[in-house]
J.: 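Dropping the structure in here first, questions after.
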Amino acid sequence: MNSAEAVSVLTELNRVYPHTREDMNFLKFENPFQILIMTILSAQTTDVTINGLRDELFSRYPDPQALAGADLREVERIIHPAGFYHTKARNIVGTARCLCERFGGEVPQTIAELVTLPGVGRKTANIVTNHAFGVADGVAVDTHVGRLSQRIGFSENMDPNKIEQDLMRLFPREWWGEINFLLISHGRAVCTAKRPACERCVIRDCCGAGCKDRAD
DNA sequence: ATCCCGAGGG
DNA sequence: CCCTCTGGAT
């Protein structure tokens, strides 16, 4: 698939899912520190659950300095509903310490720096660069983006890193921040892993998979 | 029962 | 590649 075709596919998805970014409402109206922490906590959880923690968490720990000195058990209690609370508590306090010790109390702006923080992988780092700084430093390839990229024909590779390279080559930089949200929205609503609803897929005409990998 | 808008570790 | 970490929604 060439770049023009690929962009037209994303344009169509953007028409169908116009506010996919706003749907991640836990990311709204936050400073970079809070966006980073909320994104770490959001793994394997819903934004509704995460939003319920925000007020208590950030009224107690409004900045990296406060969170760096937090009592782990107190943090665990606050974030408990989000699941993985033991790991996540260690990660967000550890991240706060790293921000203070290595980044002057600021959130770094590159993926390369962000992924050195505990609990921050490429997915989280990409969301943070996008939402906190409006920077597209890459494309986060998670299971949804990988699966759809292969089905649609954006990439023929399996390795997430190679898929990311293909996507960056295929799409102009201004799309990089949107790819994740559009493909995830479409992946959840229509192009699911097991039984994709191709009959109501708006991009089925330009999809390379053509329902071949339907499980039924 | 199953799935999540992950990351880290072996 | 595999496994583990957890709660909540459906």
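A quick note: this is a predicted structure, and the numbers were derived from the prediction, not measured. A, B, ... follow the sequence lines: proteins, then strands. Residue 1 opens every chain.
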J.: Is atom CD of A/Glu5 surrounded by more than 12 heavy atoms (other residues, nucleotides or ligands) closer than 6.0 Å?
T.: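 More than 12 within 6.0 Å, yes.
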J.: To the nearest angstrom, how far is A/Ile40 atom CD1 from B/dC4 atom P?
T.: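 Rounded to whole Å, this separation is 23 Å.
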J.: Starting from P on B/dC4, measure out to NZ on A/Lys88 and report it in whole angstrom.
T.: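 Distance check: A/Lys88 NZ to B/dC4 P gives 16 Å.
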J.: C/dT6 P sits how many Å from A/Asn91 CG, rounded?
T.: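 The distance from CG of A/Asn91 to P of C/dT6 comes to 11 Å, rounded to the nearest Å.
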J.: Could you check how far CD1 of A/Ile79 sits from P of C/dT6, rounded to whole Å?
T.: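 Whole-Å distance recorded here is 10 Å.
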J.: Need one value for A/Leu117: base, sugar-phosphate or nothing, where a base atom within 4.0 Å counts as base even if backbone is also close, heavy atoms only.
T.: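 Since only primed, P, OP1 and OP2 atoms lie under 4.0 Å of A/Leu117, the category is sugar-phosphate.
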J.: Atom CD1 of A/Ile184 to atom P of B/dC4: distance rounded to whole Å?
T.: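 So the CD1-P distance, A/Ile184 to B/dC4, works out to 11 Å.
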J.: Between the main-chain N or O of A/Pro118 and the side-chain N or O of A/Thr95, is there a donor-acceptor pair closer than 3.5 Å?
T.: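 Yes; at least one donor-acceptor contact below 3.5 Å.
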J.: Let me know the distance between CG of A/Leu41 and P of C/dG7, rounded to the nearest Å.
T.: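 Rounded to whole Å, this separation is 15 Å.
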J.: Would you indicate whether A/Glu156, at its atom CD, is surrounded by more than 12 heavy atoms from other residues, nucleotides or ligands within a distance under 6.0 Å?
T.: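 For A/Glu156, atom CD is not crowded (no more than 12 foreign heavy atoms under 6.0 Å).
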J.: For A/Ala68, is there any backbone N or O sitting under 3.5 Å from a side-chain donor or acceptor partner on A/Arg97?
T.: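 Yes; judged by distance alone, with no hydrogens or angles, the pair exists.
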J.: Which of the following nucleotides, C/dC5, B/dA7, C/dG8, is nearest to the side chain of A/Pro81?
T.: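 Closest of the options to the side chain of A/Pro81: C/dG8.
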J.: Just compare C/dT6, C/dG8, B/dA7 and give me whichever is closest to any side-chain atom of A/Lys123.
T.: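 Side chain of A/Lys123 sits closest to B/dA7.
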J.: If we ignore hydrogens and angles and just use 3.5 Å, is the side chain of A/Thr45 paired with the main-chain N or O of A/Ala43 as donor and acceptor?
T.: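 Side chain of A/Thr45 to backbone of A/Ala43, a donor-acceptor pair under 3.5 Å: yes, one is there.
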J.: Under 4.0 Å, heavy atoms only, any strand: does A/Thr124 hit a base, just the sugar-phosphate, or nothing?
T.: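 Since only primed, P, OP1 and OP2 atoms lie under 4.0 Å of A/Thr124, the category is sugar-phosphate.
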J.: Identify whether any heavy atom of A/Phe84 sits under 4.0 Å from a base atom; if not, whether one sits that close to sugar-phosphate; answer base, sugar-phosphate or nothing.
T.: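 Base contact.
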J.: Would you kindly give the CD1-to-C1' distance between A/Ile78 and C/dG7, to the nearest whole Å?
T.: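 Distance check: A/Ile78 CD1 to C/dG7 C1' gives 17 Å.
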J.: Does C/dT6 have OP1 or OP2 sitting under 4.0 Å from an N or O in the side chain of A/His80?
T.: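 For C/dT6, OP1/OP2 do not have a side-chain N/O of A/His80 under 4.0 Å.
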J.: Could you tell me how far apart A/Gln44 (CD) and C/dT4 (C1') are, to the nearest whole angstrom?
T.: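 Going from A/Gln44 (CD) to C/dT4 (C1'), I get 12 Å.
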